[in-house]
Amino acid sequence: MRIASYNINGIKARLPRLLEWLEETRPHVACLQEIKTQDEGFPASEFEKLGYGAIWHGQKGFNGVAILARDAQPVEVQRGLEGEPEDEHSRYLEADVHGLRVACIYLPNGNPQPGPKFDYKLRWMERLRKRAAQILAEEVPAVLAGDYNVIPRDNDVYSVRAMASDALMQPESRAAYRRILADGWTDAIGTLRPGGGVWTYWDYQAGAWQRDHGFRIDHLLLNPSAADRLSAIGVDKDHRGREKASDHAPTWVELRD
DNA sequence: ATGCCGCCAGAGTGGCGA
């Protein structure tokens, strides 16, 4: 079973590319981030035509997450994270589907740092950690998939120096990420590719794609029962190189049945 | 040092977020 995470950077602008990717790769579950649409604008019928059920948590203009499932309807468990009732960003959606608990995550970027956006990022990570701990206690196979906006290690970025002051690789961001892992989550790609060099994002600017100036910020975290079933990981890198592509590439894990 | 892109308001372009 393949579970993919894909920051699509606008579902309206990306729809042909997204449908093409679904048809070509047929993931069992696809977690989408940055759909950038209100709930009314979500093109559920387009996914239905391809045999995908969906749930979504939209927002006007930016953010927004969705979970698609092949030949199944995800059963929503939670939307949003507890801890800040005034936080209206649509960044978290959780469902049961295909015998798994799946969370779709769009973690705050946090730039510029230092500043209120960075503080929000760190608070959001602690709120996520609390929810993740509750999921661990349920002991169902679980995957936390999304755009974490965290570069976990120095070998997950094309240039440490170029990104040194970025919120994505500040020590505080990395420490918060490591705390989640230390609770019992396995970073699937980090674990199967300890040497690094796997990118999931290439900026639109500065010819980053052509120069292969990328980094790894899209992660799939597995609880122990899911990690026991991990058989492969991958990045659908060729989709990043197509016309009108997202700046992220689809990133996935394969779990044994 | 800079290079892009999607979305919004509101009808040009500029602002925001990334």
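Every chain is numbered from 1, with letters handed out A, B, ... down the list of sequences.
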Could you go through nucleotides 8-13 of chain B and list every protein N or O atom that sits under 3.5 Å from one of its N or O atoms, giving the distance for each pair?
{"unit_1": "B:dA9", "atom_1": "OP1", "unit_2": "A:Lys60", "atom_2": "NZ", "d": "2.8"}

So, do [X] and [Y] sit near enough that their side-chain heavy atoms are less than 4.5 Å apart?
X	Y	answer
A:Lys12	A:Lys36	no
A:Tyr92	A:Ile105	yes
A:Leu222	A:Thr191	no

Hphob cluster co-occupancy, A:Leu220 + A:Ile135, side-chain heavy atoms under 4.5 angstrom:
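Each belongs to a different hydrophobic cluster.
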
Hphob cluster co-occupancy, A:Phe47 + A:Trp21, side-chain heavy atoms under 4.5 angstrom
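Linked, A:Phe47 and A:Trp21 end up in one cluster.
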
Atom-pair distance ([atom1] on [X]; [atom2] on [N]), nearest Å:
X	N	atom1	atom2	value
A:His248	B:dC4	NE2	P	18 Å
A:Arg14	B:dC5	CZ	P	10 Å
A:Gln33	B:dC5	CD	P	21 Å
A:Leu15	B:dG6	CG	P	14 Å
A:Asn7	B:dG17	CG	P	16 Å
A:Asp247	B:dC4	CG	C1'	9 Å
A:Asn9	B:dG17	CG	P	15 Å
A:Asn149	B:dG17	CG	P	14 Å

NZ/NE/NH1/NH2 to OD/OE distance under 4.0 Å, [X] and [Y]:
X	Y	value
A:Arg91	A:Glu84	no
A:Arg174	A:Asp154	yes
A:Glu126	A:Arg123	no

After noting the C-alpha distance and the side-chain angles of A:Asp183 and A:Arg179, does the key distance pass the salt bridge (charged side-chain N to carboxylate O under 4.0 Å, His left out) rule?
CA-CA 6 Å; A:Asp183 287 340; A:Arg179 279 195 292 275; over 6 Å; no

Centroid-centroid under 6.0 Å between A:His239 and A:Tyr6 rings
no

What about A:Phe62 and A:Tyr106, are their ring centers closer than 6.0 Å?
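Between A:Phe62 and A:Tyr106, the centre distance exceeds or equals 6.0 Å.
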
What distance, rounded to whole Å, do you find between the two [atom1] atoms, one in [N] and one in [M]?
N	M	atom1	result
B:dA18	B:dG6	C1'	10 Å
B:dA1	B:dG12	C1'	28 Å
B:dG10	B:dC4	P	27 Å
B:dA11	B:dG15	P	15 Å
B:dT2	B:dT13	P	24 Å

Check the pair A:Gln33, A:Ser5 against side-chain hydrogen bond (donor to acceptor under 3.5 Å, both in side chains), reporting the backbone distance first and the verdict last.
CA-CA 8 Å; A:Gln33 302 87 34; A:Ser5 180; 3.2 Å; yes

Both A:Arg211 and A:Tyr106 contact DNA chain B. Which one's nearest nucleotide lies toward the 5' end?
A:Arg211

Upstream residue (5' side of DNA chain B) when A:Asp147 and A:Ala245 are each assigned their closest nucleotide
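It is A:Ala245, whose closest nucleotide lies nearer the 5' terminus.
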
Contact class for [X] vs. all strands (heavy atom < 4.0 Å): base, sugar-phosphate, or nothing?
X	result
A:Arg91	sugar-phosphate
A:Ala206	base
A:Tyr201	nothing

Residues within residues 108-119 of chain A bordering DNA chain B, heavy-atom distance below 4.0 Å:
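Heavy-atom cutoff 4.0 Å gives A:Asn109, A:Lys117.
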
Strand-adjacent residues in residues 168-175 of chain A, judged by heavy atoms under 4.0 Å from DNA chain B
none

Would you indicate which nucleotide in B:dG6, B:dA18, B:dG3 comes nearest to any side-chain atom of A:Asn63?
B:dA18

Pick one: which of A:Tyr204, A:Trp199, A:Tyr158, A:Trp202 meets ring-ring contact (aromatic ring centres under 6.0 Å, His included) with A:Trp209?
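Result: among A:Tyr204, A:Trp199, A:Tyr158, A:Trp202, A:Trp202 is the only option passing the ring-ring contact (aromatic ring centres under 6.0 Å, His included) with A:Trp209.
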
